[in-house]
Amino acid sequence: MADRERFRPFTGDTSKSIRLQSNPLALVLSQVRWPELAHLQTNLKATALNFGSALPDYPIYEEIQEVGYQITPDGVHQSVGDTIYRWASVDRTWHVMLGRRFVSLYSTSYVAFDEFSERLVKVLESVHTHVRAPLIERVGVRYVNRLDDTALISRLSEYVCPEVLGYLSLTPASPDVNVVSSANQVRYAIGDVNLQVRSGVLPPNETADPAIPPVPGPSWVLDLDASSEQFEPFDVQSIVTRAGKLSDAAYDYFKLVITDGFLREFGGNE
C-alpha cells in the first residue's frame with residue numbers, strides 16, 4: 001500500500017507525513033455494508049461460524065444481541081434485534097464484527113493504515129468466500145482521537161486550531177467556570193467522500209463509542225468519520241482502495257487542524 005496515490009483534499013500536501021510517537025487514537029474502525037440479501041435471511045449463525053473459522057488471528061468469540069426501541073403513544077417499547085457475531089484477538093485490541101448487512105474491523109491499538117489494510121483484506125476475503133455478498137452499498141472508516149489527561153485538555157488551544165475547539169475557545173472571566181460537556185460538528189462532501197467531524201468534551205465515565213472504555217475523568221474527543229455510499233460489485237481490492245481514500249481524507253483533515261504544539265507534545269516527525 002506504500003505506493004498508492006494519496007488523497008489530500010484539505011491541505012493539498014501529498015509530501016508531508018506525520019508519525020506520532022505517542023498516538024492519541026482510541027479507536028480506528030472500518031465498516032463495509034451491503035443491502036438485504038435473500039440468502040442471509042435464515043441460518044446466519046452457520047455462515048458466521050464458517051466466516052470466523054477463516055480468521056485464526058481472532059480466536060475469541062461472542063454473540064451480541066441488538067436491542068431496538070420504538071416510541072409510540074403508549075410509551076417506549078423495546079424489541080430484540082439481530083444477533084451480531086464478534087471475534088477478538090488474544091489481547092483484545094483487534095475485533096471483527098459480522099451482522100446480516102455489514103462487516104466491521106476495528107482496533108484500539110492502531111499504528112498505521114498498512115497494517116490495518118492487510119487485516120481488512122483477510123476479513124473481506126472471508127466475507128467473499130463465506131458470506132457471499134455480491135455487492136456493497138457503503139464503505140466507512142472512522143478515527144476517534146481522545147485525550148484524557150486534564151493537563152493536556154487545559155492546553156488544547158496549543159494543540160488544535162480554534163475552529164475545532166468551538167465553545168472551548170471562549171474564556172470566561174471566572175476561573176470557577178468549567179466546561180462539563182461540549183459538542184461541535186461539521187460535515188464535508190468531497191466528491192463521493194463524506195467526512196463528518198465531531199469534537200468536544202465528554203463528562204467522566206462517558207465514551208464516544210461502546211468499543212472505547214470510558215475513563216473516570218473528563219476527556220476531549222476528535223472523531224473523524226469518513227464514508228462513501230455507492231452500489232458496486234463486491235471486490236476486495238476495490239473496497240480496500242476506497243477505504244484507503246477515506247483514511248486519507250480523515251488523515252488530511254487531522255493534518256489541517258493540529259498545530260506545531262501538537263507535534264511537539266506527541267512526538268510528530270516527517
Side-chain angles (χ1 to χ4, degrees), residues 7-11 13 16-31 93 104 106-113 116 140-170 178-190 193-227 243-270:
F7 183 54
R8 299 290 187 264
F10 292 100
T11 68
D13 182 0
K16 183 179 180 181
S17 180
I18 297 173
R19 297 290 182 266
L20 300 175
Q21 296 176 11
S22 176
N23 198 328
L25 280 168
L27 176 71
V28 177
L29 178 147
S30 180
Q31 184 184 89
T93 61
S104 297
Y106 67 90
S107 174
T108 55
S109 63
Y110 179 92
V111 175
F113 185 76
F116 192 89
V141 175
R142 184 180 176 203
Y143 290 83
V144 182
N145 300 270
R146 181 174 71 177
L147 300 179
D148 53 29
D149 184 320
T150 54
L152 296 180
I153 295 175
S154 69
R155 302 198 304 271
L156 278 173
S157 60
E158 300 176 20
Y159 305 140
V160 295
C161 297
E163 292 84 355
V164 179
L165 294 177
Y167 293 107
L168 293 178
S169 62
L170 298 175
N178 296 303
V179 175
V180 176
S181 66
S182 69
N184 311 295
Q185 180 172 312
V186 63
R187 186 180 180 93
Y188 297 94
I190 317 108
V193 172
N194 293 304
L195 178 66
Q196 182 163 274
V197 180
R198 303 182 187 93
S199 64
V201 170
L202 295 178
N205 301 310
E206 290 194 12
T207 179
D209 189 275
I212 306 173
V215 291
S219 58
W220 180 80
V221 171
L222 175 62
D223 186 346
L224 308 174
D225 192 352
S227 63
K245 184 177 182 180
L246 297 173
S247 176
D248 278 353
Y251 172 73
D252 196 44
Y253 190 83
F254 181 76
K255 286 170 55 180
L256 177 70
V257 301
I258 62 173
T259 66
D260 290 341
F262 186 100
L263 298 179
R264 288 191 296 269
E265 180 67 43
F266 296 96
N269 57 77
E270 298 183 19

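The shown structure was predicted, so the numbers you read here are calculated from the model rather than taken from an experiment. Quick note: numbers below take in every heavy atom, side chains included, and nothing from hydrogens, waters or symmetry partners.
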(request) Indicate the atoms forming the closest heavy-atom contact of V179 with S182, along with that distance. (result) CG1-CB, 4.1 Å
(request) Could you walk me through whether V221 and V144 pass the side chain to side chain contact (heavy atoms under 4.5 Å, CB included) test, one step at a time? (result) CA-CA 7 Å; V221 171; V144 182; 3.8 Å; yes
(request) For S219 and R146, indicate whether the former's side chain and the latter's backbone hold a donor-acceptor pair under 3.5 Å. (result) no
(message) If you define the side chain from C-beta out and look only at heavy atoms, does anything of R264 sit under 4.5 Å from E158?
(response) no
(request) Check whether any side-chain heavy atom of P9 sits under 4.5 Å from a side-chain heavy atom of D252, and report yes or no. (result) yes
(message) What I want to find out is whether R155 reaches E265 closely enough, with some N-O distance under 4.0 Å, to be called a salt bridge.
(response) yes
(message) Less than 4.5 Å apart, side chain to side chain, heavy atoms only: is that true for L222 and V197?
(response) yes
(message) Let me confirm one number: the CD1-OG1 distance from I212 to T207, rounded to the nearest 0.5 Å.
(response) 4.5 Å
(message) Suppose we call two aromatic rings close when their centres sit under 6.0 Å apart. Are F7 and Y251 close by that rule?
(response) no
(message) Quick check for you: to the nearest 0.5 Å, what is the distance between D225 atom CG and Q185 atom CD?
(response) 10.0 Å
(message) Within the structure provided, determine whether P218 and L202 are in side-chain contact (heavy-atom separation under 4.5 Å).
(response) no
(request) Answer yes or no: is there a side-chain heavy-atom contact under 4.5 Å between F262 and L156? (result) no
(message) Within the structure provided, determine whether E163 and V186 are in side-chain contact (heavy-atom separation under 4.5 Å).
(response) no
(message) Quick check: closest heavy atoms across L246 and V193, and the distance to 0.1 Å?
(response) CD2-CG1, 3.8 Å
(message) Just verifying a value: how many Å separate N178 CG and S154 OG, rounded to the nearest 0.5 Å?
(response) 11.0 Å
(request) Indicate yes or no: at least one non-hydrogen side-chain atom of V141 is less than 4.5 angstrom from one of K245. (result) no
(message) Run K255 and R8 through side chain to side chain contact (heavy atoms under 4.5 Å, CB included) and show every step you take.
(response) CA-CA 10 Å; K255 286 170 55 180; R8 299 290 187 264; 3.8 Å; yes
(request) Check P216 against N205 and note the closest heavy-atom contact, atom names and distance. (result) CA-OD1, 3.6 Å
(request) Evaluate the criterion side chain to side chain contact (heavy atoms under 4.5 Å, CB included) for residue pair F116 and V28; output intermediate values, then yes/no. (result) CA-CA 9 Å; F116 192 89; V28 177; 4.0 Å; yes
(message) If I compare all heavy atoms of S247 with all of F113, which pair ends up nearest, and what's the gap?
(response) OG-CD1, 3.5 Å
(message) Checking Y253 against T11 for the side chain to side chain donor-acceptor pair (under 3.5 Å) test, could you report, in this order, the C-alpha distance in whole Å, the side-chain angles of both residues, the deciding distance, and whether it holds?
(response) CA-CA 8 Å; Y253 190 83; T11 68; over 6 Å; no
(request) Any chance you could measure L165, atom CG, to Y159, atom OH, to the nearest 0.5 Å? (result) 12.0 Å
(message) Please report the interatomic distance CG(D223) to CG(L27), rounded to the nearest 0.5 Å.
(response) 8.5 Å
(message) To check you understand the geometry: which heavy-atom pair defines the closest contact between W220 and S199, and what is its length?
(response) CZ2-CB, 4.2 Å
(request) Can you measure from CD1 (I258) to SG (C161) and round to the nearest 0.5 angstrom? (result) 9.0 Å
(request) Find out whether F266 and N23 are in side-chain contact, i.e. whether some heavy atom of one side chain is under 4.5 Å from a heavy atom of the other. (result) no
(request) Report yes or no: do Y110 and T93 form a side-chain donor-acceptor pair below 3.5 Å? (result) no
(message) Donor-acceptor check, side chain of S30 to backbone of G140, threshold 3.5 angstrom: yes or no?
(response) yes
(request) Could you walk me through whether L224 and Q196 pass the side chain to side chain contact (heavy atoms under 4.5 Å, CB included) test, one step at a time? (result) CA-CA 6 Å; L224 308 174; Q196 182 163 274; over 6 Å; no
